[in-house]
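Data first, discussion second: the structure below is written as structure tokens.
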Amino acid sequence: MKLRGLYAITDSQLLTGKFLSYVEAALDGGVTLLQYRDKSSDEARRLREAEALRNLCERYKTQLIINDDAELAARLNVGVHLGQTDGPLSPTRALLGSKAIIGSTCHGQIALAEQAAKEGASYVAFGRFFNSTTKPGAPSCSLDLLDEAKRTLHLPICAIGGITLDNAAPLVEHGVDLLAVIHGLFGAESSAEVTRRARAFNELLKI
Ligand SMILES: Cc1ncc(COP(=O)(O)OP(=O)(O)O)c(N)n1
Ligand SMILES: Cc1nc(C(=O)O)sc1CCOP(=O)(O)O
Ligand SMILES: [Mg+2]
């Protein structure tokens with residue numbers, strides 16, 4: 001299956017008090033990948049929330065990805081997203097098996113993406129493309145990089161960082177397959193607005 005579409009990422013602060021309702025609203029609008037991103041060390045809550053997301057994802061036929069934590073991904077039999085300091089990719093591929101979705105953060109560097117491809121990544125993520133309230137300090141990355149990435153890589157390309165409905169079109173024009181979004185999706189005033197935004201992202205991607 002070619003990975004293409006909206007990649008919704010949860011944020012525990014932003015979604016306080018509306019975690020499952022906003023996630024379900026996004027799934028209702030259409031989500032290709034859903035990432036559980038929780039930077040806390042509350043293992044019990046992380047397991048509980050990840051299990052709840054896995055159940056929701058099964059209902060909506062969406063693939064769940066766990067940020068940072070390959071052990072939790074293995075426990076739930078879902079995918080994982082690894083940054084450059086989140087552990088090596090090859091052993092994670094061995095742990096999760098050939099069918100698991102494994103993503104790799106490559107910032108603005110093609111060389112990192114080529115290495116990730118060699119080590120068995122399912123997609124590579126570049127960013128941040130715009131100002132991000134969620135992660136303002138992430139290294140920035142330009143649209144030009146996407147042209148080179150399309151020429152040299154044979155994996156789905158994910159873009160992240162400050163993406164909204166107002167700035168996403170050039171990313172799609174430059175060949176992005178997956179739009180990874182936190183605030184531009186979940187920073188909405190209502191669950192109905194989350195669903196509307198998800199649908200609109202999919203329209204941009206012609207899904
Ligand atoms: C789809 C996607 N792309 C990039 C990241 C960032 O990963 P990382 O650099 O490990 O930073 P944290 O998200 O762990 O703070 C991501 N999570 N998802
Ligand atoms: C988690 C993350 N990683 C980034 C990177 O560039 O690697 S930017 C980012 C934050 C994405 O959230 P928002 O859509 O709210 O900007
Ligand atoms: Mg990480």
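The figures here come from the full heavy-atom set of this structure, side chains too, leaving out hydrogens, waters and symmetry mates. Both ligands and their constituent atoms are indexed starting at 1 by order of listing. In this chain, numbering begins with 1 at the start of the sequence shown.
The shortest separation from a heavy atom of Gly103 to ligand 1 is not under 4.0 Å, leaving the residue out of contact. Ligand 2 is approached by Gly162 to a heavy-atom distance shorter than 4.0 Å.
For atom 7 (O) of ligand 1, the nearest protein heavy atom (residue, atom name, distance) is Thr105 OG1, 2.9 Å. For atom 11 (O) of ligand 1, the nearest protein heavy atom (residue, atom name, distance) is Lys135 NZ, 2.8 Å. Here the protein heavy atom with the shortest distance to atom 8 (S) of ligand 2 is Gly161 CA, 3.7 Å.
Taking any N or O of Ile182, backbone or side chain, at least one lies under 3.5 Å from an N or O belonging to ligand 2. By the 3.5 Å distance cut-off applied to N or O atoms, Thr134 is counted among the residues near ligand 2.
Every atom of ligand 1 is numbered from 1 in the order shown, and the set under 4.0 Å from a heavy atom of Arg37 is 12 (P), 13 (O), 15 (O). Near Gly127, the atoms of ligand 2 lying under 4.0 angstrom from a non-hydrogen atom of the residue are 6 (O). Counting atoms of ligand 2 from 1 in the listed order, those under 4.0 Å from a heavy atom of Ala138 are 5 (C), 6 (O).
We find that Asp68 and Arg37 are not joined by a salt bridge, their nearest charged nitrogen and carboxylate oxygen being 4.0 Å or further apart.
Asp68 contributes atom OD1 as its closest N/O/S atom to the Mg ion (ligand 3).
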(request) Just do the salt bridge (Lys or Arg N to Asp or Glu O under 4.0 Å) check on Glu193 and Arg196 with the steps written out, would you? (result) CA-CA 5 Å; Glu193 174 61 10; Arg196 186 197 74 78; 2.9 Å; yes
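Ring pair Tyr22/Phe186 is parallel by interplanar angle, where below 30° counts as parallel and above 60° as perpendicular.
Closest to atom 2 (C) of ligand 2 by heavy atom, among Ile160, Leu14, Asn131, is Ile160.
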